[in-house]
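These figures come from a predicted structure and were not determined experimentally.
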Amino acid sequence: MSGYDFSGNDRFSDDRPDPAAPGGSIIFALPGTLVDWDPRRALVGQYPDGVIDMVLDPEEPWGFTCVRRQVNLGVDPQQALADYETTHGPAVAWVVRVCLENYTLAVNGLLPGASDLLGDLERAGLTLWGLAAATGQLIESVSEVLSPLSALKAVLISSEEHLDLSDPLFYRLALRRFAISPGHTIFVDADPEHVAIADRLGMDGILAQDISSLRQLLRQRGIAC
């Protein structure tokens, strides 16, 4: 398929209409958008706030963020925990184990207004897709509370592709798999680094922190929602 470059060049050249999404596409990063997600819920009530803060500190290079990224890339959780224990010891590693075992509690359905937004975007003629930094097991476990995400035509899951949202190849793979071109695609995430990657690939990246601001940014682009 011409226009989808896996050679490492950042920008695509194919800007033809998309047969799979003639009205244009929006790719949502999950759980960065739409999903009410907070890993603290997996530990609240089981450990003091100070312990939870320490384990979930995003600035800790070998903390839970690292373990989560490994698991989301398809690494066996037991191996990820073993690696963590070598630097943090068994006591702290056990807290991480509890967090992983209770991780479905981190997902509390969709953000307020997200389901209505998805319906409005469908009615506006947009085709909706997802890139999920998650495991297939987690998605399946919380499928009932995430049922409104059935509005997404397809979702690529990081653990199944062994890629994550820090890797431009994940985005290129999505464009190829969904058969859409970047010139007709909006990418939405709450992480500015991910939005910058999408921009470099020729998509229209939107940095959105909540559903209300996302609606405003989409309306600025002429989308009736």
Side-chain angles (χ1 to χ4, degrees), residues 4-8 10 27-43 55-88 90 92-108 128-147 149-150 152-180 187-191 193-198 200-201 203:
Y4 297 93
D5 181 7
F6 281 72
S7 66
D10 271 350
I27 300 176
F28 293 96
L30 306 172
T33 61
L34 303 179
V35 177
D36 180 2
W37 172 81
D38 182 358
R40 291 187 67 88
R41 284 193 285 256
L43 292 172
V55 170
L56 299 182
D57 182 1
E59 300 303 319
E60 167 59 61
W62 296 103
F64 179 74
T65 298
C66 178
V67 175
R68 175 174 171 260
R69 182 170 184 266
Q70 285 181 284
V71 173
N72 287 345
L73 283 168
V75 175
D76 180 84
Q78 297 304 317
Q79 181 61 58
L81 283 168
D83 292 340
Y84 183 87
E85 186 172 332
T86 62
T87 56
H88 292 75
V92 181
W94 189 261
V95 181
V96 174
R97 179 183 298 276
V98 171
C99 190
L100 289 177
E101 290 175 349
N102 294 333
Y103 209 55
T104 56
L105 298 177
V107 179
N108 192 39
L128 312 176
W129 316 84
L131 285 184
T135 65
Q137 182 180 9
L138 176 63
I139 297 295
E140 183 177 353
S141 298
V142 298
S143 60
E144 184 173 347
V145 297
L146 295 183
S147 59
L149 290 182
S150 61
L152 304 182
K153 187 171 182 179
V155 177
L156 288 190
I157 299 173
S158 62
S159 67
E160 296 177 355
E161 308 299 339
H162 304 290
L163 297 166
D164 69 9
L165 286 157
S166 66
D167 191 337
L169 185 56
F170 199 19
Y171 304 73
R172 295 188 180 101
L173 179 63
L175 293 168
R176 176 183 285 270
R177 196 77 59 80
F178 300 156
I180 58 177
F187 175 80
V188 181
D189 197 359
D191 189 318
E193 293 184 10
H194 300 164
V195 171
I197 293 173
R200 289 199 301 270
L201 291 169
M203 289 181 269

Practice item. Not counting sequence neighbours, list each pair that qualifies as a salt bridge (Lys or Arg N to Asp or Glu O under 4.0 Å) and has a residue in residues 69-78. Key: Arg69-Asp164
**Study point:** Close side-chain approach of Val98 to Leu43, heavy-atom, < 4.5 Å
**Key:** yes
**Study point:** Between Arg68 and Tyr103: side-chain donor-acceptor atoms closer than 3.5 Å
**Key:** yes
**Study point:** Contact list for residues 30-40, test salt bridge (Lys or Arg N to Asp or Glu O under 4.0 Å), sequence neighbours left out
**Key:** Asp36-Arg41, Arg40-Asp49, Arg40-Asp53
Practice item. For the residue pair Leu131 and Phe170, establish whether any side-chain heavy-atom pair is separated by less than 4.5 Å. Key: yes
**Study point:** Exam field: side chain Ser158 to backbone Asn72, donor-acceptor pair closer than 3.5 Å
**Key:** yes
Practice item. For Glu60 and Trp62, indicate whether the former's side chain and the latter's backbone hold a donor-acceptor pair under 3.5 Å. Key: yes
Check your understanding: Is there side-chain contact between Leu81 and Trp94, with at least one heavy-atom pair below 4.5 Å?
Key -> no
Exercise for review: For residues Leu30 and Leu152, determine if any side-chain heavy atom of one lies less than 4.5 Å from a side-chain heavy atom of the other.
Suggested key: yes
**Study point:** Glu101 side chain reached by Arg97 side chain, heavy atoms, under 4.5 Å
**Key:** yes
Point to revise | Minimum side-chain heavy-atom gap Phe28-Leu149 below 4.5 Å | key: no
Review point. Are any side-chain N or O atoms of Tyr171 and backbone N or O atoms of Leu201, one a donor and one an acceptor, separated by less than 3.5 Å?
Key: no
Review point. Do Asn108 and Val145 have side chains that get closer than 4.5 Å, going by heavy atoms?
Key: no
Point to revise | Nearest-0.5 Å distance that lies between atom CD1 in Ile27 and atom NZ in Lys153 | key: 12.5 Å
Review point. Any side-chain heavy atom of Phe187 sitting closer than 4.5 Å to one from Leu165?
Key: yes
**Study point:** Straight-line distance of Leu73 CG to His162 NE2, nearest 0.5 Å
**Key:** 9.0 Å
